[in-house]
Structure formats: structure tokens, C-alpha cells
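Here the structure is a predicted model, which means the values were calculated and not measured. Values below: all heavy atoms of this structure, side chains included; hydrogens, waters and symmetry mates excluded. Every number for a ligand or one of its atoms is a count from 1 in the order of the listing.
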Amino acid sequence: MVGNMDKSWFDFCRFGLFIHFGLYSLPARHEWVKYYEKISDEEYYKYFNMFNPDLFDPYEWADIAFDGGMRYFVITTKHHEGFCLWDSALTDYKVTNTPYGKDIIKPLVSAFREKGFKVGLYYSLQDWHHPHYTIDHIHPLRDLPKEEACKENSKRNLSVYREYLHGQVKELMTSFGEINEVWFDNSVKYNPDYPYFEGKGREAWGTEELIKIIRNYQPNILINDRLDGEFDFKCPETYMPDECVKVKGQKVRWEVCQSLNNSWGYYRNCSGYKSPHQLISLLAEAVSKGGNLLLNIGPTGRGEFEPKAKESLKALGKWMHNNSDCIYGCTEAPSEFSVINNILTYNPKTNRLYIILINYPNIGTLKIKGDKRRVEYAAFLGDNSEITIKTQNQTFEKMKDDTIYLNIPVDKPKDEVPVVELFLKDRF
Ligand code: GLC
């Protein structure tokens with residue numbers, strides 16, 4: 001694995017909370033609503049003038065996330081809409097100028113930090129509000145007639161925006177104490193359907209200089225991979241890689257982000273909520289491939305987690321309460337072990353192997369490929385009840401030397417996803 005000790009929290013925590021909160025929480029129709037509905041900047045101000053999350057309680061958010069088993073968080077300080085959730089000196093388009101009138105980021109960071117969370121800040125490179133952010137093919141004004149769009153862009157000076165971006169990132173890196181992770185979103189690929197708009201990448205963002213600024217103020221920070229330049233971890237989105245993510249053949253840190261439903265920002269009429277079983281499987285699968293899960297909640301315009309989101313975290317917390325040993329500090333299992341239809345994780349410090357039974361076998365036997373001489377003891381993690389190892393003559397088929405046969409009950413234990421813990425020995 002790349003990286004050093006100061007960054008090892010990332011490999012230990014494994015499970016984080018993503019928070020998408022902004023003006024888009026009011027229309028409650030996806031955080032890209034301004035883009036989808038091609039809403040003008042003037043019209044979008046109605047949400048700015050209405051923004052008043054009166055029920056926002058950062059301690060409540062931190063408690064819910066902690067009880068759900070999450071140990072770090074990443075909050076949108078500014079999303080594509082350009083609205084800032086902190087009291088930036090560089091813009092008026094910020095939370096302190098809304099009816100709410102108070103900073104969100106500062107109290108949030110301190111509440112989560114008090115609870116022991118590592119702190120991550122999301123910052124959108126795209127900005128649909130800044131007057132010098134040039135129109136591109138993923139901008140609310142993208143479908144202006146070509147002449148008009150080009151005329152408008154000729155009045156915009158991207159280097160002014162770049163300076164603003166650098167200044168804001170400097171603010172974020174210097175105003176809230178130690179920041180453990182920074183999450184940039186997103187470079188803009190050139191799109192031949194809009195040949196008169198340029199893409200935006202390292203030159204547009206001034207990536208090299210930006211990274212210097214960040215590392216200067218936060219030497220231990222982890223930077224994601226969307227700046228079109230150097231990075232510390234990869235961040236596949238709503239996707240599950242087949243194996244540990246590699247760059248030039250080397251395993252790297254990675255974190256998959258997933259939403260609870262089909263939207264990042266609060267979406268009132270959203271369906272497609274993932275079940276507790278699916279969420280546990282996502283987390284387990286990410287860890288089994290050496291990665292992290294960053295699971296998103298979009299708080300409502302009143303600043304609360306909606307009941308369904310709370311239910312999901314409650315179910316995760318219930319499972320994590322007695323099964324978190326197969327998540328924290330865990331990673332891929334040694335390659336000599338494998339299991340069919342289920343998931344393996346491994347804690348290299350304690351030398352324990354975990355079989356996460358997302359598909360509970362109902363035949364009284366659990367088979368794991370591996371050397372049984374390496375197994376000292378086996379138990380369910382949920383209640384520490386012993387699981388015996390099958391001996392000769394107890395199976396239908398001839399027992400294979402390279403397979404561990406465990407006697408597990410036909411009735412699935414009460415956990416949503418039961419976990420078997422194998423205590424391994426190095427020598428036998
Ligand atoms: C996408 C979307 C954005 C969201 C992000 C989270 O890039 O543009 O709305 O914040 O994914 O991964």
C-alpha cells in the first residue's frame with residue numbers, strides 16, 4: 001500500500017459519511033437541479049433567500065453517524081451551484097448571508113471531531129454561480145445559442161475564477177484545524193457535441209499550484225483523484241471495482257462513494273433506497289478489496305437527516321455493534337483463502353480472517369478454500385459462539401485437503417449478515 005503512517009486512519013476507519021448539503025436541499029430534486037432544469041442564476045436566488053435549516057444540529061448528525069459505525073466524514077463545503085457553507089471572505093454567496101445567518105462548517109467540524117471523526121471537505125471545482133466560471137457543456141447555460149454562449153464566455157476570465165478557487169481552498173485548509181481528506185469534484189471533459197466549449201482540467205484549476213497550497217497547510221492530508229493531477233486515493237463513484245484499485249500495477253488507497261438512494265442531495269420523491277443487507281454488502285465488499293465506503297446522506301432543507309436515512313444508519317449501526325471487527329483495520333484476505341458467494345476480510349494485526357455471509361448457506365456446512373491447519377478457533381463474531389470444524393466422514397463428498405469445512409447452523413443467526421471469525425495461527 002502507498003502512503004505513510006499519518007494517513008493510516010483511512011485504512012483503519014474504512015467507513016465514512018458523505019454529506020451533500022446546500023441550496024439544492026430546498027428544491028429537493030437532486031443537487032444538479034440548476035443544471036437539469038436550466039435555472040438562471042437570478043431565479044436560483046430564491047433558494048438562497050429561503051435557506052434556513054433551523055433544525056440543524058451538528059451533534060445530532062455526529063451521533064447518528066457514529067452510531068451507524070462511521071468514523072470519518074466528508075461534507076460539501078461548496079457544490080457545483082457555487083453556494084458556500086462556510087463564512088468565506090471571498091464571496092457573498094455564502095450561508096452567513098442567508099436567513100440562517102450562521103456558519104455550518106465550523107460547528108459541524110468541531111462536533112464531529114469531538115466525537116473522534118476524521119474530517120473531510122468536499123469542494124466543487126465546477127461553479128455555476130461565479131461570474132468568471134466559463135460556460136461548458138455541463139453548465140446550466142450550456143444551451144444558450146452558440147453566439148450568445150461564446151459572447152458570454154469572452155466576458156468571463158477563468159483565471160479570475162482560478163484565483164478564487166485557490167483562495168477558497170486556502171481558507172478551507174487554514175480555518176478548521178487539521179483536515180484529513182479533501183475531495184475535489186470534478187474535472188470537465190471536452191465534449192464534441194459542444195465543440196465551442198473547452199474542457200477543464202489541470203490547467204484550468206492550476207492543479208500543481210493548488211496541490212502545493214494544500215500540502216503546505218495540511219501536510220498529512222489525503223487528496224482525491226479528480227483534480228487531473230497528483231492524488232492520494234482513487235474515488236470510484238456508485239461503482240464497485242472487481243479488485244483492489246491499482247495504478248500502474250500498484251495497489252493504491254481507494255474509496256467508493258455510494259448514495260442511500262438515487263440522489264446525493266436531498267430528493268423528496270426519491271425511491272430506490274438500498275436495503276440494510278445491500279448496504280452491509282457494499283461496505284464488506286469494499287473492505288474485502290482493500291477500500292473504503294463513503295456513504296451519503298442528503299439532509300433536508302431544515303437541516304435534518306430524513307427518517308429513512310436514519311433508519312438505514314440504524315440498521316448499519318445494529319450490525320456494526322457486534323460485527324465491526326470485520327471492518328475496522330481490515331483489508332483483503334491473504335490470497336490462499338477464498339470463499340464462493342460470500343466475502344472475506346482480514347485483519348493483519350490480529351491475524352483473524354472474517355467470512356461475511358451475505359449469502360448464508362442453508363446446508364449446515366460452510367466451505368472456505370484454505371489450509372485447515374491454520375485455523376486455531378472459529379466462532380460467530382455476533383455472539384462469539386463456537387463453530388466446530390467438520391472432521392472426516394461428516395460430509396457427503398470426499399473432504400479436500402485445501403478446504404476448511406465448518407459446521408454452521410441451518411438457521412441463520414439473528415444478525416442481518418452473520419460473520420464467522422477464524423483465529424489463524426502462523427505456524428502449525
Ligand atoms: C458526481 C456529481 C455530484 C456528486 C458527486 C459525488 O460527480 O456531479 O453531484 O457530488 O458525484 O461523488
Practice prompt. With heavy atoms only and a cut-off of under 4.0 Å, state how E81 meets ligand 1: side chain, backbone, both or neither.
Written response: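 Under 4.0 Å from ligand 1, E81 contributes no heavy atoms.
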Worksheet item: Taking the six-membered ring where the residue is Trp, are the ring centres of F83 and F51 under 6.0 Å apart?
Response: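 Close enough - the centres of the two rings lie under 6.0 Å apart.
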Discussion item. Let me confirm one number: the CG-CD distance from N292 to E255, rounded to the nearest 0.5 Å.
Written reply: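 Reported value, rounded in 0.5 Å steps: 6.0 Å.
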Practice prompt. Just go through Y35, W32, Y122 and tell me whose heavy atom is the nearest to atom 2 (C) of ligand 1.
Written response: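 It is W32 whose heavy atom sits nearest to atom 2 (C) of ligand 1.
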Worksheet item: Looking only at heavy atoms of Q126, does any of them come nearer than 4.0 Å to an atom of ligand 1?
Response: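 It does not, in that no heavy atom of Q126 comes within the 4.0 Å cut-off of ligand 1.
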Worksheet item: Is E421 close to C326 at the side-chain level, that is, under 4.5 Å between some pair of heavy atoms?
Response: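 No, their side chains stay 4.5 Å or more apart.
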What protein heavy atom sits nearest [atom], and how far away is it?
{"atom": "atom 11 (O) of ligand 1", "answer": "E237 OE2, 2.8 Å"}
{"atom": "atom 4 (C) of ligand 1", "answer": "H20 NE2, 3.4 Å"}
{"atom": "atom 5 (C) of ligand 1", "answer": "D185 OD2, 3.3 Å"}
{"atom": "atom 9 (O) of ligand 1", "answer": "E31 OE2, 2.6 Å"}

May I ask you to list the atoms of ligand 1 that are less than 4.0 angstrom from any heavy atom of [X]?
{"X": "R226", "answer": "7 (O), 11 (O), 12 (O)"}
{"X": "H79", "answer": "3 (C), 4 (C), 9 (O), 10 (O)"}
{"X": "N186", "answer": "7 (O)"}
{"X": "C257", "answer": "12 (O)"}

Worksheet entry | Short side-chain donor-acceptor distance under 3.5 Å, N347 and D325 |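 No pair is found: no donor N or O on one side chain lies under 3.5 Å from an acceptor on the other.
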Discussion item. Please identify which of these residues, Y24, W264, W128, meets the ring-ring contact (aromatic ring centres under 6.0 Å, His included) condition with W32.
Written reply: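 Exactly one option meets the ring-ring contact (aromatic ring centres under 6.0 Å, His included) with W32, and it is W128.
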Worksheet item: Pick from W61, F56, F21: which one makes a ring-ring contact (aromatic ring centres under 6.0 Å, His included) with F305?
Response: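 Exactly one pass, corresponding to W61.
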Worksheet entry | Cationic N near anionic O, under 4.0 Å, E181 to R253 |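 No.
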Worksheet item: Does an N or O from W183, backbone or side chain, lie closer than 3.5 Å to an N or O of ligand 1?
Response: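 Between W183 and ligand 1 (N or O atoms, distance only) the closest approach is not under 3.5 Å.
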Discussion item. Before you tell me yes or no, could you show the steps for R215 and E230 under salt bridge (Lys or Arg N to Asp or Glu O under 4.0 Å), namely the whole-Å CA-CA distance, both residues' side-chain angles and the distance that decides it to 0.1 Å?
Written reply: CA-CA 12 Å; R215 298 221 193 273; E230 185 190 315; 2.9 Å; yes
